[in-house]
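Along the sequence shown, residues carry numbers from 1.
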Amino acid sequence: QVQLAESGGGLVQAGGSLRLSCVASGLTFNSHDMGWFRQPPGKEREFVARITWSRSTEFAVSVKGRFTISRDDAKNTVYLQMDSLKPEDTAVYYCAARRKFDLRYEYWGRGTLVTVSS
């Protein structure tokens with residue numbers, strides 16, 4: 001039974017930082033790509049960042065240079081370090097997993113809310 005559990009969301013002021021965590025269980029973590037997506041209020045879900053099983057990374061243009069994705073395979077955990085936060089970063093952030101070589105993110109967490117004030 002695969003479960004992804006996000007944590008670390010909260011309320012921060014513009015310019016501040018947060019680190020999101022996602023703990024995965026029920027899957028072979030080091031054989032999966034891990035991604036972060038977000039859904040701002042009233043908007044569609046959008047890609048934020050991903051890190052592959054081989055630790056290649058990719059970021060959305062909107063967060064490039066401000067966010068960092070990393071993984072700790074020993075802890076079955078992927079992180080999203082968010083710096084220089086902007087009000088437009090306000091969203092529910094979701095963790096997702098896909099098997100290496102797959103295109104589809106098969107597993108999703110329930111999300112954690114990030115609110116950036118001002």
Please check if [X] and [Y] belong to a single hydrophobic cluster, counting links between Ile, Leu, Val, Met, Phe, Trp and Tyr side chain heavy atoms closer than 4.5 Å.
| X | Y | value |
| --- | --- | --- |
| Phe59 | Met34 | yes |
| Val2 | Ile51 | yes |
| Trp36 | Tyr107 | yes |

Looking only at heavy atoms, which two atoms of [X] and [Y] are closest? And how far apart?
| X | Y | result |
| --- | --- | --- |
| Val92 | Gly111 | CG1-CA, 3.8 Å |
| Pro87 | Ser117 | CG-O, 4.3 Å |
| Gly8 | Leu18 | O-CD2, 3.7 Å |
| Leu4 | Ala97 | CD1-N, 3.8 Å |

[Y] side chain reached by [X] side chain, heavy atoms, under 4.5 Å:
| X | Y | value |
| --- | --- | --- |
| Ile69 | Val78 | yes |
| Ser17 | Val12 | no |
| Cys22 | Tyr79 | no |
| Leu20 | Thr112 | yes |
| Val48 | Phe67 | yes |
| Ser118 | Lys86 | no |
| Met82 | Val114 | yes |

Starting from the C-alpha separation in whole Å, work towards a yes-or-no answer on side chain to side chain contact (heavy atoms under 4.5 Å, CB included) for His32 and Asn30. CA-CA 6 Å; His32 282 74; Asn30 62 6; over 6 Å; no

Does Trp108 have more than 12 heavy atoms from other residues, nucleotides or ligands lying within 6.0 Å of its CH2?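 Yes, CH2 of Trp108 has more than 12 neighbouring heavy atoms, counting only those of other groups under 6.0 Å.
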
Give a yes or no on this: more than 12 heavy atoms of other residues, nucleotides or ligands lie within 6.0 Å of atom NZ of Lys75.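 It does not: Lys75 NZ has 12 such atoms or fewer within range.
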
Do the two ring centres, one from Phe37 and one from Tyr105, sit under 6.0 Å apart?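 Ring centroids of Phe37 and Tyr105 are less than 6.0 Å from each other.
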
If you measure only the distance, is there a donor-acceptor pair under 3.5 Å linking the side chains of Asp72 and Thr77?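 Checked: Asp72/Thr77 side chains show no N/O donor-acceptor pair below 3.5 Å.
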
Should [X] and [Y] count as an ion pair when the cut-off is N to O under 4.0 Å?
| X | Y | value |
| --- | --- | --- |
| Glu46 | Arg38 | yes |
| Arg98 | Asp33 | yes |
| Glu58 | Arg50 | yes |

Going from CG on Leu27 to CD on Gln1, what distance comes out if it is rounded to the nearest 0.5 angstrom?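 Separation between the atoms: 12.0 Å.
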
Is it the case that the side chain of [X] and the backbone of [Y] share a donor-acceptor pair, with hydrogens and angles ignored and the cut-off at 3.5 Å?
| X | Y | result |
| --- | --- | --- |
| Arg66 | Ser84 | yes |
| Glu6 | Ser21 | no |
| Thr52 | Arg55 | yes |

Here's one to test your reading of the geometry: is the NZ or CZ of Arg71 within 45 degrees of the ring axis of Phe29 and under 6.0 Å from its centre?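 Yes, Arg71 and Phe29 form such a contact.
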
